[in-house]
K.L.:
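Handing you a structure now.
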Number of protein chains: 2
Amino acid sequence: MKLTLDALTVLDAIDRKGSFASAAQALFRVPSTVTYTVQKLEEDLGFAIFKRAGRRSVLTPAGQVLLDQGRQLLVAAQEVVNSAHQVNSGWEAELNIAIDTVWDIQRFYPILAEFQKLNSGVQVSISEEVMGGTLEAIIEQRADITIGGPPPVSAIQGIQFESILNSQWLFVVAKAHPLMTLLLPLTEQDIEPYVSIVIRDSATQSPIRAHRSLGARPMLRVANMEQKIQAQLQGLGVGFLPKHKIQPLLDSGELVELEIEKDAPVTQQYCAWRSTNTGRAAQWFVDKILD
Amino acid sequence: MKLTLDALTVLDAIDRKGSFASAAQALFRVPSTVTYTVQKLEEDLGFAIFKRAGRRSVLTPAGQVLLDQGRQLLVAAQEVVNSAHQVNSGWEAELNIAIDTVWDIQRFYPILAEFQKLNSGVQVSISEEVMGGTLEAIIEQRADITIGGPPPVSAIQGIQFESILNSQWLFVVAKAHPLMTLLLPLTEQDIEPYVSIVIRDSATQSPIRAHRSLGARPMLRVANMEQKIQAQLQGLGVGFLPKHKIQPLLDSGELVELEIEKDAPVTQQYCAWRSTNTGRAAQWFVDKILD
DNA sequence: CTATTAGTTCGAAAATACTGAACAATTAAC
DNA sequence: GTTAATTGTTCAGTATTTTCGAACTAATAG
């Protein structure tokens, strides 16, 4: 394969300017150089790119394909260089952040806004994951940073973890729920008859962990934390919810915390990042997240 | 932008072979040449690609990005050359055929099988379109050849049309349909009370043409001919269907043709292709289709 | 028929890429 | 710890490729 990007640039110029001569002018070269470049490329590739029709040359079908796809190649090449420059500047070309659904994404927006003021040129993408999802995302390199999610079962090569927040989970029900008539603290037997709202695990490969399902009771599976809150709010079922996400609903009385016999569970939330990642954006975000 | 594909090839070799020296060997060059190429690229791009760590060099983050994306660029470049070669051989790189839903795609498979025996290397894609869809597909360059579909409203620059088949449309109903008790031929008043099955137009931009809708009667819109046949077969409604597509159902008596007062409509089916397309595959298919 | 423009050819000059020998730095072997 | 082997670099010289400019051919416009 003897294709060169320079030759493609010449082809592009010829087509856009309409002639070898004007292409030469545009590229600050002499006409004979353009002829030479085209002839050399034709010889290297083994087929004619232009059909000489009098004093004006026209592209052959193969030449047209070469030009069309070659232009895309030129654009791609420029993007490669741009990405490398961006990384060289210390800022990553892109940064993927996976946020666990127990986190309120809105609380993250101010940090994002602050970051954008830095004019780093980093393309930041945010995805919402459930339970094992954040772990899976960073292991499979889909994410550079995770916010929230469970701790690693064992140390993972090249990934650092840090506890970020003690998320307290409360057992709550909607304000008119029948469970409110019972004597506190509730026993497992009290709760058993009622539908439990659980979040479907977004980790497709990890062993499924239905979070806090409390035995084999009737369950309603929902996609994320938002839906779980809504479901419990509308009395579709009961379950544990992270305190910091439902504080307003507790204050207004729409949701009520009920004491239960077993200890209210505490889950450690973890932030994770790739320790091999030396990008400034990743470090900036990790610093911010750890407060 | 001073990036060259040759330099990327060198980077790739260095990474795969693990050292400048073995890369040089693999590329039939001398070590100093490899050093020269790398240094020149670094100078041209304006950043370090390798960090000299003793006698063994390691990629900088920017160098890693350059290599990763550069490899994709190399693959893409090879594909560009391959495509151009393919077109130069006389066969197109790819050929898109749009078939109108009134046609039975299965009738087209033998022709496809015959074509594949030619070992042309052409990537053939087939899409199913409805009503105006084939026309739109060829005008918007999504298709190279269309089979079936309406005639052009006016001559279209660079596209040739040829009538291919007189598709006869029959008014048919399911075998137990109430309309069968009436006296033939049916009048418009006879038909009016019953739901008419119409195919939703897949042409998004053309003015909507609800095919043979016979005034403002209750309608059930379906996505394609297959669904329309099924709908009429299950007695959900009545309407015109192309004779050649329902012959077996007529023979078995599951669908019944009913004579109607107005002439049974005849629609010309057209085959279209781009007259500028000089590819052998397009010509081969057009010849076959026109019998 | 002449002037103009487009593209090519060709020898010379310039720029670029490659080579091989010498050297420095590091790792492996003993 | 010393020696040997391996790696990468430098540098001067050489080979190759690219570019240039002038001369030339062919087609088109006036």
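Just so we're clear, the structure is a prediction, and the values are computed from it rather than from any experiment. Quick note on labels: first sequence line is chain A, next is B, and so on, each numbered from 1.
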K.L.:
Shortest non-hydrogen contact from B:Asn96 to B:Arg142?
P.N.:
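So the two residues come closest at CB-O, 3.3 Å.
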K.L.:
Could you state the CG-P distance from A:Leu41 to D:dT18, rounded to the nearest angstrom?
P.N.:
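Taking CG of A:Leu41 and P of D:dT18, I get 11 Å after rounding.
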K.L.:
Starting at NZ of A:Lys17 and ending at C1' of C:dT5, how long is that distance when rounded to a whole Å?
P.N.:
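In whole Å, C:dT5 C1' lies 17 Å from A:Lys17 NZ.
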K.L.:
Shortest non-hydrogen contact from B:Thr146 to B:Thr134?
P.N.:
CG2-O, 3.3 Å
K.L.:
Going by distance alone, is a donor N or O of one side chain under 3.5 Å from an acceptor N or O of the other, for A:Glu128 and A:Thr101?
P.N.:
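On atom types as modelled, these side chains qualify, holding a pair under 3.5 Å.
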K.L.:
Could you give the CD-to-P distance, from A:Gln25 to D:dC20, as a whole number of Å?
P.N.:
13 Å
K.L.:
I need the full list of salt bridge (Lys or Arg N to Asp or Glu O under 4.0 Å) pairs touching residues 28-40 of chain B, with sequence neighbours left out, sorted by first then second residue.
P.N.:
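Passing the test, one end in residues 28-40 of chain B: B:Asp6-B:Arg29, B:Lys40-B:Asp44.
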K.L.:
At under 4.0 Å between heavy atoms, which parts of nucleotides 5-17 of chain D does protein reach? Answer with one letter per nucleotide, 5' to 3': B base, S sugar-phosphate only, - none.
P.N.:
BBBSBB------S
K.L.:
Looking only at side-chain N and O atoms, does A:Asp68 offer a donor or acceptor that is under 3.5 Å from a partner on A:Gln64?
P.N.:
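On atom types as modelled, these side chains qualify, holding a pair under 3.5 Å.
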K.L.:
Would you please classify the geometry between the A:Phe115 ring and the A:Trp91 ring as parallel, tilted or perpendicular, with 30° and 60° separating the classes?
P.N.:
perpendicular
K.L.:
Could you give the CZ-to-P distance, from A:Phe50 to C:dA6, as a whole number of Å?
P.N.:
15 Å
K.L.:
Treating a pair as Watson-Crick (purine N1 to pyrimidine N3 plus N6-O4 or O6-N4) or G-U wobble (N1-O2 and O6-N3) with both distances under 3.5 Å, list the stems of 3 or more consecutive pairs that involve DNA chain D.
P.N.:
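Output for stems: C:1-30 with D:1-30.
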K.L.:
Closer than 3.5 angstrom, by distance alone: can the side chain of A:Arg52 be matched with the main-chain N or O of A:Phe50 as a donor-acceptor pair?
P.N.:
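Yes, because the side chain of A:Arg52 sits within donor-acceptor range (under 3.5 Å) of the backbone of A:Phe50.
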K.L.:
Parallel, tilted or perpendicular: which one describes the rings of A:Tyr270 and A:Phe161, with boundaries at 30° and 60°?
P.N.:
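The arrangement is perpendicular - the two ring planes meet at more than 60°.
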